[in-house]
Number of protein chains: 2
Amino acid sequence: MADINFSTTASAPDRTAAATIDGSGPDAGAAAAAPAAGEPQWEMIELLFFAYRDFIGDPDAILDAFDFGRAHHRVLHFVNRNPGMPVAELLNILKITKQSLGRVLRELIEAGYVEQQTGESDRRQRLLFATARGRDLALRLAAPQSTRIAAALAALGPEGAAAAREFLRLMINAEERAETARFVART
Amino acid sequence: MADINFSTTASAPDRTAAATIDGSGPDAGAAAAAPAAGEPQWEMIELLFFAYRDFIGDPDAILDAFDFGRAHHRVLHFVNRNPGMPVAELLNILKITKQSLGRVLRELIEAGYVEQQTGESDRRQRLLFATARGRDLALRLAAPQSTRIAAALAALGPEGAAAAREFLRLMINAEERAETARFVART
DNA sequence: AAATTTATGTCAGCCATATTGACTTATTTC
DNA sequence: GAAATAAGTCAATATGGCTGACATAAATTT
């Protein structure tokens, strides 16, 4: 799941702050008074948590039927969207170690969803490709998520949809927006 | 949850082939032509993945310093936001088993971040409360996420911010929108 | 009052995902 | 030729989650 986790840095001694949690709170707005600057964005934090929880829940039943888990989904997704991606790049996107990738990738290859090809310019590389079967599964996993997203965007209208997309883009670490955009805006 | 997941079990979809990224940049904002009805929403799927990945990455360093993990964060968050919540309700929100909750909750209680009180009307219940220390930590974990969100919303303006919030609300399973709204709009 | 159900907790074992560290094999680069 | 890089593997460990089986106390039903 997803966490509402947050994180920053530090360690820190204690704070004493206290604040509002119990009932009275800062905002109190019902539907949503916008939090004042510096106030915790409880509403958005929880909406992100619940939205993501349901979003990622969509493909689970499908994965179960294939004896795959979310890790397989992630790998298949990015390999499918980036044909010929070398292993190192996949590790970089997923931000996991190659040991972690190992089992999952092996299973996907053994089951015929992903293929490897030795790189032409650099024969040390093992370039990854989704097979026809892999593309199929990737599409199938994306289908319920796409339906969910399309319904939400349609309800918002074109301007609202653009705002939602921009919001997500701005939530990505600034340093990585350019790089992730390469993947994202590919269609 | 996250899938393009994050969390444990499920994952995300993928992109399909295509290659090359055009390089066009980062911002591009709107960018990608909206997918036709029924087409995979690759762009939004990936934006959600990256946005959530960075969003939940924020608190990890803080948690490390306390020897807590994301599971502790989730529990502390919801207990803090819902003082007096019985265990069963927490399980329902997190959608995990009581066995899974067990260790995490025990550690939070032993370390003095969460307290239990026997319910008055139903003495079988153990109502959960964040201690002053727990409220502190919850705020501290929320801080970097709130900063991230506030910056994105500020860049969008009031209308865009409202659209972003509505988008997330619409992404939640329809049957659960009402229930989650109780938590969310609480401040 | 007895029987049953509910709320919570706990023991035990297992699985999936991910980590760190050490090392190997090709292959490319210096 | 030496060093660096891309990939893969072995081993041990951590985390978070799960199922099943029980136990206890308190509320509800009968």
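Letters go in sequence order (proteins before strands), and every chain restarts at 1. Below, each value reflects all heavy atoms present in this structure, side chains not excepted, and no hydrogens, waters or symmetry copies. The structure presented is a predicted model; accordingly, all values stated were derived computationally and were not measured.
- Each of B:V87 and A:K98 was matched to the nucleotide of DNA chain C holding its nearest heavy atom; the match closer to the 5' end belongs to B:V87.
- When ring centroids are compared, B:Y52 and A:F55 stay outside the 6.0 Å threshold.
- When every heavy atom of A:L76 is checked against every heavy atom of A:A138, the shortest pair comes out as CD2-N, 3.8 Å.
- The neighbour count for A:R106 CZ, taken as heavy atoms of other residues, nucleotides or ligands under 6.0 Å away, is above 12.
- Using a 4.0 Å cut-off, some side-chain N or O of A:R103 falls inside it from OP1 or OP2 of C:dT17.
- Phosphate proximity of C:dT27 to A:R123: present, with a side-chain N or O under 4.0 Å from OP1 or OP2.
- One can place CD of A:Q125 at 11 Å from P of D:dG8, the figure rounded to the nearest angstrom.
- Remark: P of C:dA18 and CD of A:E107 are 12 Å apart, rounded to the nearest angstrom.
- Each of A:S121 and B:R106 has a nearest nucleotide on DNA chain C; the 5'-most of these lies closest to B:R106.
- Side-chain N/O atoms of A:T97 include one lying less than 4.0 angstrom from OP1 or OP2 on C:dT19.
- Nucleotide C:dT17 holds its C1' atom 14 Å from the CG atom of A:L63, rounded to whole Å.
- B:R135 and B:A130 make their closest contact through NH1-O, 3.2 Å (heavy atoms, listed as atom of the first residue, atom of the second, distance).
- For the pair A:R126 CZ and C:dA26 P, the interatomic distance rounds to 10 Å; values are reported in whole Å.
- Across all non-hydrogen atoms, the minimal contact from A:L105 to A:Q116 is CD2-NE2, 4.4 Å.
- Between the P atom of D:dA14 and the CG atom of B:D67 lies a distance of 12 Å, rounded to the nearest Å.
- For B:Q99 and D:dG20, a side-chain-to-base donor-acceptor distance below 3.5 Å is present, hydrogens and geometry of angles not being considered.
- Out of D:dA27, D:dG16, C:dT17, the shortest distance to the side chain of A:R74 is found at C:dT17.
- D:dG16 atom P lies 6 Å from atom NE2 of B:H72, rounded to whole Å.
- Distance, B:E89 CD to C:dT6 C1': 16 Å, rounded to whole Å.
- B:Q116 comes within 4.0 angstrom of sugar-phosphate atoms only, judged by non-hydrogen atoms across all strands, and of no base.
- Residue-to-nucleotide proximity on DNA chain D shows that, of B:I96 and A:G102, the 5′-proximal contact is made by A:G102.
- No hydrogens or angles were tested; on distance alone, a donor-acceptor pair under 3.5 Å links the side chain of B:R124 to the base of C:dT6.
- Taking only side-chain nitrogens and oxygens, B:S100 never comes nearer than 4.0 Å to OP1 or OP2 of D:dG16.
- Counting to the nearest Å, the C1' atom of D:dG8 and the CG atom of A:L108 are 16 Å from each other.
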